[in-house]
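Read the structure below first, then the notes.
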Amino acid sequence: MSKCCTPTNLAGDLPTRLTESDKRVSSELDEASTPSRGNRHPTVTAIPAGTFLMGDHFGEGYPQDGETPVHAVSLSDFGIAATAVTNRQFSAFVKATGHITTAERFGVSAVFHLAFRGHRSDILHRARETPWWFAVKGADWKHPDGPASDISGRQNHPVVHVSWEDANAYCTWAGGRLPTEAEWEYAARGGSDRMRYPWGDELNPRGQWRCNIWQGQFPVENTAEDGYLTTAPVKRYRPNGYGLWQMAGNAWEWCHDWFADDYYARSVTHDPTGPEAGTQRVMRGGSYLCHDSYCHRYRVSARSSNTPESTSANVGFRCATDRQNVAPTRQ
């Protein structure tokens, strides 16, 4: 069983992390063109303070993911975006700041084999343990399926091929931040506790798909019964009880926290923010590649992680804010 259904950085012989020069250039771009924090606010939904039981209530999680023990967590009120950041929104960020994403700097990112669009020479290699992932030259947020693809017609799809570093830069520019893992799970539950999914315990109530995940035989055949091979528009399915869209499936979402598989056993009970350090950041929500035969991490309690510089065609993010920075929601 793979750690997650996103590959760790596939740059091969290229640098596996941003150089200090890269980071300096990024910092200079931010200082030159980024509004100070607080001058802008992402459009978010207010989430009330409360206490919930965080973790896997059904004993369905993978041991290495650390979804137990189930533990009580109390959160202050906060705001979280109703949708993942879209290609349209990310385009505005890039236009305003000149931000160059990690995938663009490396010149390569991970594309699922059935979605690849480009020349065979664009495929540098396959992921060792997950060969359905291609390391593709020229794949990035503007070319999500490879260099022969673009985001025409996908302006309302989640931006993908973004690293944790890219996501954090966007949220800072927008006057927000990435949600903590606890905030993400509390928000995903939509005001209800002990549920398997954001809408209840049944995956397909009345035979209807409520999220964008894999149907068919993974990883060779996707029947696209839910309508999509890869990403779907961010408002394609019903929102949860808090009015938040696609908290399961579609694209993984980066969280603020460092990941540790034993963190739940030592977590603080009020406003936890994760371990003080680590090598991987938490991702939540699952993606269009999740399937119960391989990776049923589309449950609200499911956790995964990856290195902060890793990018792939099924990883995005949404922004959060502290309560005092919650602006009225605009739909």
Side-chain angles (χ1 to χ4, degrees), residues 42 44-63 65-84 171 176-203 205 210-211 237-250 252-276 281-286 290 296-305 317-326 329:
V44 294
T45 297
I47 307 297
T51 299
F52 77 111
L53 293 175
M54 184 172 182
D56 174 21
H57 296 272
F58 299 91
E60 297 172 332
Y62 303 114
D65 290 350
E67 293 182 38
T68 56
V70 174
H71 57 294
V73 171
S74 296
L75 294 175
S76 304
D77 47 1
F78 62 99
I80 192 167
T83 73
C171 291
R177 57 176 173 79
L178 287 169
T180 66
E181 180 178 20
E183 288 173 339
W184 193 99
E185 182 171 326
Y186 181 61
R189 292 184 178 277
S192 299
D193 213 347
R194 302 174 187 268
M195 294 196 309
R196 182 177 280 113
Y197 308 114
W199 55 86
D201 291 336
E202 187 180 351
L203 181 60
R210 297 291 186 91
C211 62
Y237 304 95
R238 295 182 185 180
N240 73 359
Y242 284 144
L244 309 180
W245 302 75
Q246 302 217 45
M247 300 299 283
N250 212 26
W252 284 100
E253 298 183 6
W254 290 110
C255 291
H256 159 82
D257 308 36
W258 291 107
F259 175 84
D261 60 9
D262 63 348
Y263 181 67
Y264 283 11
R266 53 189 171 92
S267 171
V268 299
T269 59
H270 185 70
D271 290 335
T273 57
E276 293 184 1
R281 295 283 187 173
V282 171
M283 302 186 307
R284 284 301 202 111
C290 284
H296 58 257
R297 293 184 176 95
Y298 41 86
R299 298 164 292 107
V300 288
S301 65
R303 314 173 72 208
S304 194
S305 63
F317 66 101
R318 73 180 68 207
C319 292
T321 65
D322 297 331
R323 179 63 182 91
Q324 62 267 30
N325 290 334
V326 174
T329 300

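Count residues from 1 along the sequence.
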Practice problem: Any chance you could measure C319, atom SG, to W254, atom CH2, to the nearest 0.5 Å? | Solution: 15.0 Å

Quiz prompt | R196 charged N/C atom sitting above F58 aromatic ring, 6.0 Å / 45° | solution = yes

Exercise. Of all the heavy-atom pairs spanning R318 and P179, show the shortest one and how long it is.
Key: O-CD, 3.3 Å

Quiz prompt | Beyond-backbone contact of R281 with L178, side-chain heavy atoms, under 4.5 angstrom | solution = no

Quiz prompt | E181 and M54, any side-chain heavy atoms less than 4.5 Å apart | solution = yes

Quiz item: According to the interplanar angle, ranging from 0 to 90°, do the rings of H296 and Y298 count as parallel (below 30°), tilted (30 to 60°) or perpendicular (above 60°)?
Solution: perpendicular

Quiz item: Hey, what do you get for OG (S305) to CH2 (W258), rounding to the nearest 0.5 Å?
Solution: 11.0 Å

Quiz item: Hey, are R303 and D261 close enough for a salt bridge, meaning a charged N less than 4.0 Å from a carboxylate O?
Solution: no

Exercise. Compare every heavy atom of R189 with every heavy atom of M195, then report the nearest pair and how far apart it is.
Key: O-NH1, 3.1 Å

Quiz prompt | Approximate separation, where rounding is to 0.5 Å, of R210 CZ and N240 CG | solution = 11.5 Å

Quiz item: If you take all heavy atoms of Y264 and G66, which pair is closest and at what distance?
Solution: CD2-O, 3.4 Å

Quiz item: Within a strict 4.5 Å, meaning less than it, do heavy atoms of the H57 and S301 side chains meet?
Solution: no

Exercise. For residues D56 and V70, report the shortest heavy-atom separation together with the two atoms involved.
Key: O-CG2, 3.2 Å

Quiz item: Backbone N or O of A302 within a donor-acceptor pair of the D65 side chain at under 3.5 Å?
Solution: no

Quiz item: Taking everything shown except E276 itself, do over 12 heavy atoms lie less than 6.0 Å from its CD?
Solution: no

Quiz item: How long is the gap from CD1 on I80 to CZ on R177, to the nearest 0.5 Å?
Solution: 8.5 Å

Exercise. Without swapping roles, check the side chain of Q246 against the backbone of T83 for a donor-acceptor pair under 3.5 Å.
Key: no

Quiz item: How about P48 and Y242: do any of their side-chain heavy atoms sit closer than 4.5 Å?
Solution: yes

Quiz prompt | Spacing of D201 atom CG and R299 atom CZ [to the nearest 0.5 Å] | solution = 12.0 Å

Quiz prompt | Side chain to side chain, M247 and W184, heavy atoms closer than 4.5 Å | solution = yes

Quiz item: Looking at A182 and L75, what are the two nearest heavy atoms and their distance?
Solution: O-CD1, 3.7 Å

Quiz item: Once you round to the nearest 0.5 Å, how far does CD1 of I47 lie from CG of D77?
Solution: 10.0 Å

Exercise. Assess R284 against W252: is NZ or CZ under 6.0 Å from the centre of the six-membered ring, and within 45 degrees of the ring's axis?
Key: no

Quiz item: Does a side-chain heavy-atom distance below 4.5 Å link H270 with S76?
Solution: yes

Practice problem: Can you see which heavy atom on C211 is nearest to which on L203, and at what distance? | Solution: SG-CD1, 4.4 Å

Quiz item: What class does the angle between the rings of F78 and Y186 fall in, given that below 30° is parallel, 30 to 60° is tilted and above 60° is perpendicular?
Solution: tilted

